[in-house]
Amino acid sequence: MSYNQVTPEPNERDTFKMADRGKYPDEQSTSVPIGGGENDASIGCCGYVLVFISYILFVLTMPFSFCACIKVVQEYERAVIFRLGRLTAGGAKGPGIFFVLPCIEDYTKVDLRTVSFDVPPQEILTKDSVTVSVDAVIYYRINNATISVANVENAHHSTRLLAQTTLRNVLGTKSLAEILSDRESISHSMQNNLDLATDPWGIKVERVEIKDVRLPIQLQRAMAAEAEAAREARAKVIAAEGEQNASRALKEAADVISESPSALQLRYLQTLNTISAEKNSTIIFPLPIDLIGGLMKK
């Protein structure tokens with residue numbers, strides 16, 4: 001009889017990634033819990049004696065032993081049981097009621113719900129030598145309770161530390177423009193890196209989001225001045241183009257008026273009508289251009 005062989009749970013079977021022994025006989029995935037990939041081994045005569053004594057103690061102390069030996073875990077929890085320091089067969093227990101032998105078995109509850117935490121702001125030097133402060137939020141959950149207990153001391157704390165270093169490593173290879181404009185691809189890259197690294201810990205990273213990118217005050221002022229100069233340059237270009245179009249229209253109008261002498265007189269009358277409507281206290285006496293030209297020659 002053995003107690004150190006771990007059988008994966010139905011919802012955890014995909015994370016127990018054993019290598020193909022026919023192709024790679026010496027290769028084994030790191031997602032197997034400690035002791036889970038070993039051959040069947042006996043707990044020894046002393047172990048069998050202790051188990052037998054534990055059962056006798058349970059029977060002799062009934063019904064009081066039910067209070068200490070029968071445990072309940074919630075729908076979102078699993079219990080990882082150790083018997084004489086070894087993982088019991090069958091993997092994590094739950095949800096519902098499970099039995100713990102007195103004195104020789106211990107268990108650890110594991111919460112399978114999604115956990116979110118804020119990555120503290122990290123001072124990062126970008127690829128183009130700009131210092132920025134970036135913070136993010138990580139969503140993850142434990143998808144294999146046995147591995148999260150047996151393979152790492154504190155899965156949550158380890159994931160938090162790894163998220164900080166991954167954020168620095170990924171953003172350190174990006175330029176400032178890429179960080180500001182391509183957050184979605186950066187988030188996907190971080191999620192893939194974290195998910196791959198935390199798979200041996202039984203952690204599934206569900207989502208990574210870049211919350212805020214804070215720039216130094218001097219850089220913000222420089223970028224604002226650059227944007228303002230660019231807007232002023234575009235405004236001057238638009239004004240110059242408008243003057244150019246207006247001059248072309250005036251030239252075409254002058255060509256049309258020069259073809260008919262009476263058109264200039266009609267233009268005089270139209271100008272008088274406009275002035276009389278706006279400034280009726282002003283009196284204008286139009287003089288023919290020919291008369292002014294004759295006076296200038298004299």
Side-chain angles (χ1 to χ4, degrees), residues 1-18 28-117 138-160 198-206:
M1 184 174 182
S2 174
Y3 299 97
N4 69 330
Q5 180 66 31
V6 177
T7 303
E9 299 178 9
N11 61 343
E12 300 174 356
R13 192 174 300 274
D14 56 341
T15 60
F16 281 65
K17 301 176 181 177
M18 299 297 294
Q28 178 173 313
S29 174
T30 56
S31 295
V32 178
I34 297 174
E38 301 176 357
N39 296 328
D40 293 342
S42 174
I43 62 174
C45 296
C46 183
Y48 286 120
V49 171
L50 291 176
V51 171
F52 180 71
I53 294 174
S54 180
Y55 276 110
I56 293 177
L57 181 63
F58 172 76
V59 174
L60 293 178
T61 57
M62 290 179 60
F64 301 103
S65 58
F66 282 104
C67 299
C69 298
I70 294 181
K71 306 295 181 180
V72 178
V73 291
Q74 304 297 329
E75 181 68 30
Y76 52 84
E77 293 178 332
R78 297 295 183 271
V80 180
I81 302 176
F82 293 88
R83 177 176 297 176
L84 296 176
R86 296 173 178 266
L87 289 170
T88 59
K93 306 297 182 181
I97 300 175
F98 64 96
F99 179 78
V100 177
L101 288 175
C103 303
I104 65 170
E105 286 189 349
D106 189 16
Y107 73 96
T108 301
K109 283 186 179 181
V110 179
D111 197 327
L112 302 183
R113 291 176 293 183
T114 299
V115 179
S116 63
F117 74 96
I138 310 294
Y139 299 89
Y140 71 94
R141 61 180 175 85
I142 295 177
N143 67 339
N144 193 311
T146 305
I147 290 178
S148 66
V149 174
N151 283 13
V152 62
E153 180 181 3
N154 190 329
H156 296 283
H157 183 63
S158 301
T159 303
R160 284 170 167 81
T198 57
D199 183 67
W201 304 341
I203 300 292
K204 172 64 178 177
V205 179
E206 296 180 338

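For Val73 against Ala79, the heavy-atom pair with the smallest separation is CG1-CB, 3.9 Å. The minimum heavy-atom distance linking Gly202 with Asn143 is given by the pair O-OD1, 2.7 Å. Contact detail for Val80 and Ala92: the closest heavy-atom pair is CG2-CB, 4.2 Å. Nearest approach of Pro95 to Gln74, heavy atoms of both residues: CB-O, 3.2 Å. Across Leu84 and Gly47, no two heavy atoms sit closer than the pair CD1-CA, 3.6 Å.
Taking OH of Tyr55 as the start and CG of Leu60 as the end, the distance is 14.5 Å to the nearest 0.5 Å. Here the OG1 atom belonging to Thr198 is positioned 11.0 Å from the CD1 atom belonging to Ile147, to the nearest 0.5 angstrom. Distance CD1/Ile53 to CG/Leu101: 12.5 Å, rounded to 0.5 Å. The line from CZ of Phe98 to OH of Tyr107 is 5.0 Å long, rounded to the nearest 0.5 Å. Separation of atoms CD1 (Ile142) and CG (Asp111) is listed at 7.5 Å; rounding is to 0.5 Å. Atom OG1 of Thr159 sits about 8.5 Å away from atom CG of Asn154, to the nearest 0.5 Å.
Side-chain contact check for Ile104 versus Val51: some heavy-atom pair is nearer than 4.5 Å. Looking only at side-chain heavy atoms (C-beta outward), Val205 and Ile138 come within less than 4.5 Å of each other. Using a 4.5 Å heavy-atom threshold, the side chains of Cys103 and Leu57 count as touching.
Annotation for Lys204: atom NZ does not count as buried by contact number, only 12 or fewer foreign heavy atoms lying within 6.0 Å. The environment of CD1 in Ile56 is crowded: more than 12 heavy-atom neighbours from other residues, nucleotides or ligands sit within 6.0 Å.
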Exercise. Take Val149 and Val110 through the side-chain contact (heavy atoms from CB on, under 4.5 Å) test and state the conclusion after the steps.
Key: CA-CA 8 Å; Val149 174; Val110 179; 3.5 Å; yes
Quiz item: Does the side-chain contact (heavy atoms from CB on, under 4.5 Å) test come out yes or no for Arg141 and Leu112, once each step is laid out?
Solution: CA-CA 6 Å; Arg141 61 180 175 85; Leu112 302 183; over 6 Å; no
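Side chain of Ser148 to main chain of Ala145: a donor-acceptor pair is present (N/O by atom type, distance under 3.5 Å, no hydrogens or angles). Using a distance-only test at 3.5 Å, with no hydrogens or angles considered, no donor-acceptor pair links the side chain of Ser54 to the main chain of Leu50. With hydrogens and angles ignored, the 3.5 Å screen pairs no side-chain donor or acceptor of Lys93 with any backbone N or O of Gly90. Without hydrogens or angle criteria, Asn151 side chain to Pro200 main chain gives a donor-acceptor distance under 3.5 Å.
In this structure, the ring of Phe117 has its center no less than 6.0 angstrom from the ring center of Tyr139.
Side-chain contact annotation: Arg160 with Tyr140, donor-acceptor N/O pair under 3.5 Å present.
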